[in-house]
Each structure stands twice: as structure tokens, then as C-alpha cells.
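For reference, the structure discussed in these notes is given below.
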Amino acid sequence: MDKEFENLVSTKINSSAEYNNFIDVLASTKEDNALVCFLGAGTSISQGYKDWNGYVQDLIQYWKTHLQDLLGQNSFYSSVQATDISFLDWLNDRSGYSNKRKVDMVHHMIKKYCKSKSMAQNDEEKTKYLEHVNDFEKYYFLEINPIKKINEIIDQVLNLSAIFITTNYDNQIEKAYEATFQSRPNILKDINALENIDKLADKSILHMHGTPVTPGVLLVSSSDSYNQLYLNNNNAKKKIETQLIK
């Protein structure tokens with residue numbers, strides 16, 4: 001750390017003693033292979049990804065023009081209803097609704113158009129829903145290159161021997177890892193992946209809120225998915241707490 005940065009941290013955020021203690025703790029955890037780097041939305045925004053509000057707005061706009069992709073020969077609906085398109089327009093303008101609640105409503109709309117003609121097709125409907133519910137996230141966060149290719153924040157933290165935990169849906173940490181180390185990192189696509197391992201390995205990347213690499217991943221964006229993770233998934237939370245304390 002250079003002197004200019006030390007002075008900035010010391011005078012505007014912490015005292016010099018607190019700053020030096022932070023550096024000591026950082027060095028100690030790195031030596032003990034016990035360092036955890038938590039990367040949130042600001043990391044992705046620096047590359048041009050939308051913030052929480054922008055993401056939800058784009059999600060709604062995407063499904064305005066892609067509901068017809070859910071229709072097929074066995075679909076209950078033969079075409080998209082104009083009232084549902086109007087509803088999505090209305091939803092996008094509702095400032096009084098939380099973003100999580102808006103995502104709930106979009107997911108309900110997706111589920112509607114996954115409905116089959118036969119009431120006996122529940123498994124087929126569920127499979128179709130899980131296959132498509134994260135279509136926008138897969139397209140936006142994984143298939144489109146961000147505005148800024150290089151992420152200086154990620155490049156810096158990758159120099160540390162650490163476990164990386166992120167709430168971001170994109171794959172920029174793994175891309176930077178592959179470019180830096182010329183190898184694939186250990187990727188956990190959502191918090192449920194913790195059930196299959198005993199301990200998080202050094203330089204593992206845990207997508208705590210999921211990443212849409214495969215159908216059925218727990219992508220935390222709606223009220224329902226937040227409840228699944230933070231209210232109903234105590235085993236996974238205890239697992240990660242135990243591993244980070246080790």
C-alpha cells in the first residue's frame with residue numbers, strides 16, 4: 001500500500017492505528033489461507049453492468065418481447081395476451097413496488113406461459129419453467145460482453161490467496177481468474193453447492209446469489225428466492241459459516 005492511500009484511509013475513514021491493524025490482519029489471514037474476499041454489485045457496475053434498478057427494468061423489458069418463446073405445440077396459450085404486455089408496462093412504472101416483488105411478478109408471468117394443455121403435465125411445466133426462468137440473466141450476464149472488458153478490482157484481489165464470495169450473477173471473476181492463472185477455478189454456482197463439499201478450497205468462487213449457468217440454479221432476485229436463501233436455507237448458511245470459521 002502506498003503512502004498516499006494510507007493517508008487517505010487514515011484521515012477520511014479510519015485512524016492510522018486502525019489502518020495498520022487492518023493491514024496486519026490482512027497479512028495474517030493471507031498467510032493462514034483464511035482470507036475471504038466478498039465482491040458485491042459495485043464490482044460489476046464498474047464494468048458497465050446495470051445496478052439493481054436497471055437490472056429489474058431490463059428484465060421486464062426483455063420478457064415483454066420474449067414471452068412468445070415459451071409457447072409450443074402443447075402450450076395452454078396459443079399466443080401472448082395483450083393484457084399481459086400492458087401489465088409489464090404498468091409494472092415497470094410502479095415506483096412503490098420493491099424490485100424483489102417486481103421480479104416475483106415477472107416470474108409468475110413466465111410460469112403462466114409455461115402452462116401445458118393437460119393438467120397432468122405438472123412435471124413438464126416445472127421443467128420448462130426452470131429451463132427458461134433465468135433466460136434474461138443468462139443472456140445479459142453471461143452472453144453479452146460488458147462495456148469494460150478489464151476489471152481492475154477483480155485483478156487486484158486475485159493476487160490474494162483467498163476464497164471469493166460474490167452476490168453477482170456474472171462470470172467476470174472466473175474470466176479474470178482464467179486469464180491470470182491459465183486454469184479453471186473451483187466454481188460453486190449457488191449456495192446449495194456447499195452441500196456437496198466439506199470445506200471451501202483456496203481460490204474457490206462461491207456465487208451466493210447464484211449464476212445462471214444451468215437450469216434450476218437458485219438465482220436470488222425475487223422475494224421468493226430471498227426467502228429460500230435467507231429464511232429457509234439454514235443448513236447452507238450454517239455450512240458456510242462453519243467453513244469460514246475453520
Side-chain angles (χ1 to χ4, degrees), residues 1 5 8-9 12-14 18-19 22-23 25-26 29-30 34-59 98-103 134 136-142 144-180 185-194 200-213 217-231 233 236-237 239-241 243-245:
M1 301 287 182
F5 179 72
L8 177 65
V9 174
K12 292 191 176 182
I13 302 176
N14 301 301
E18 289 171 325
Y19 170 82
F22 169 74
I23 297 301
V25 171
L26 185 65
T29 53
K30 187 175 186 301
L35 183 62
V36 177
C37 291
F38 191 97
L39 304 175
T43 310
S44 292
I45 290 172
S46 69
Q47 284 185 265
Y49 286 107
K50 297 289 184 69
D51 62 10
W52 184 218
N53 291 327
Y55 152 64
V56 174
Q57 289 171 354
D58 284 359
L59 172 73
S98 71
N99 284 325
K100 289 184 289 186
R101 184 60 180 143
K102 288 182 178 180
V103 176
N134 297 330
F136 168 73
E137 288 81 3
K138 183 178 180 181
Y139 167 72
Y140 181 71
F141 291 104
L142 301 184
I144 296 179
N145 289 323
I147 295 173
K148 192 176 180 182
K149 183 177 181 180
I150 304 299
N151 191 314
E152 291 87 353
I153 301 170
I154 294 176
D155 286 347
Q156 287 296 318
V157 297
L158 281 178
N159 292 320
L160 303 171
S161 181
I163 295 168
F164 304 102
I165 299 178
T166 181
T167 53
N168 299 336
Y169 308 136
D170 61 73
N171 60 354
Q172 295 305 309
I173 303 175
E174 26 283 60
K175 281 189 173 183
Y177 184 101
E178 291 173 9
T180 301
N186 178 37
I187 303 170
L188 291 84
K189 63 184 180 181
D190 66 9
I191 199 167
N192 291 321
L194 291 172
L200 278 171
D202 182 40
K203 295 181 179 177
S204 294
I205 301 171
L206 169 61
H207 285 271
M208 197 162 74
H209 283 184
T211 186
V213 288
V217 69
L218 177 58
L219 198 72
V220 181
S221 59
S222 64
S223 297
D224 180 63
S225 57
Y226 268 91
N227 290 340
Q228 280 186 258
L229 175 59
Y230 292 107
L231 295 181
N233 211 341
K237 287 189 292 183
K239 182 98 173 177
I240 191 171
E241 289 169 1
Q243 290 175 343
L244 295 181
I245 291 172

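Predicted model, so just to flag it, every value in this text is computed and none were measured.
- Applying the salt bridge (charged side-chain N to carboxylate O under 4.0 Å, His left out) definition to pairs two or more places apart or across chains, those involving residues 160-179 are Glu178-Arg184.
- The aromatic rings of Phe136 and Tyr140 sit parallel to each other, their planes meeting at less than 30°, with 60° as the upper class boundary.
- Among residues two or more places apart in sequence or in another chain, the ring-ring contact (aromatic ring centres under 6.0 Å, His included) test is passed with Phe38 by none.
- Looking at residues two or more places apart in sequence or on another chain, you find no side chain to side chain donor-acceptor pair (under 3.5 Å) involving Asp51.
- Residue pairs meeting the salt bridge (charged side-chain N to carboxylate O under 4.0 Å, His left out) criterion with at least one member in residues 147-161, sequence neighbours excluded: Lys148-Glu152.
- Thr43 and Ser46 get closest at one heavy-atom pair: O-OG, 2.6 Å.
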Self-check item: CA sep, side-chain torsions, deciding dist, call: Val103, Val56, side chain to side chain contact (heavy atoms under 4.5 Å, CB included)
Solution: CA-CA 7 Å; Val103 176; Val56 174; 4.1 Å; yes
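- We find the CG-OG1 distance between Leu206 and Thr167 to be 10.5 Å, quoted to the nearest 0.5 Å.
- Considering only residues two or more places apart in sequence or on other chains, Tyr177 meets the side chain to side chain donor-acceptor pair (under 3.5 Å) condition with none of them.
- To the nearest 0.5 angstrom, Lys50 atom NZ is 11.5 Å from Leu59 atom CG.
- Atom-to-atom distance recorded for Leu219:CG and Asn134:CG is 4.5 Å, nearest 0.5 angstrom.
- Shortest non-hydrogen contact noted between Lys203 and Phe164 is CA-CE1, 4.0 Å.
- Taking the side chain as every heavy atom from C-beta outward, Asn99 and Asn53 approach each other to under 4.5 Å.
- Residues passing the side-chain contact (heavy atoms from CB on, under 4.5 Å) test with Ser204 are Asn186, Leu188, Leu200, Ala201, sequence neighbours excluded.
- By the side chain to side chain donor-acceptor pair (under 3.5 Å) test, Thr166 is found to be paired with Asn168, residues two or more places apart in sequence or in another chain being considered.
- Val220 meets the side-chain contact (heavy atoms from CB on, under 4.5 Å) test with His209, Leu218, Ser225, Tyr226, Leu229; sequence neighbours excluded.
- For the side chain to side chain donor-acceptor pair (under 3.5 Å) test, residues two or more places apart in sequence or in another chain that qualify with Lys189 are Thr214.
- Atom-to-atom distance recorded for Leu39:CG and Gln172:CD is 12.0 Å, nearest 0.5 angstrom.
- Of the possible polar contacts, none joining the Asn151 side chain to the Gln47 backbone as a donor-acceptor pair under 3.5 Å is found.
- With sequence neighbours excluded, the residues satisfying ring-ring contact (aromatic ring centres under 6.0 Å, His included) with Tyr169 are Tyr55, Phe141.
- Remark: Lys138 pairs with Leu142, Glu143, Pro212 by the side-chain contact (heavy atoms from CB on, under 4.5 Å) rule, at least two apart or across chains.
- With values rounded to the nearest 0.5 angstrom, Ser222 atom OG is found 10.0 Å from Arg101 atom CZ.
- Annotation: salt bridge (charged side-chain N to carboxylate O under 4.0 Å, His left out) contacts of Asp224 (sequence neighbours excluded): none.
- The OG atom of Ser44 lies 9.5 Å from the CG atom of Asn171; values are rounded to the nearest 0.5 Å.
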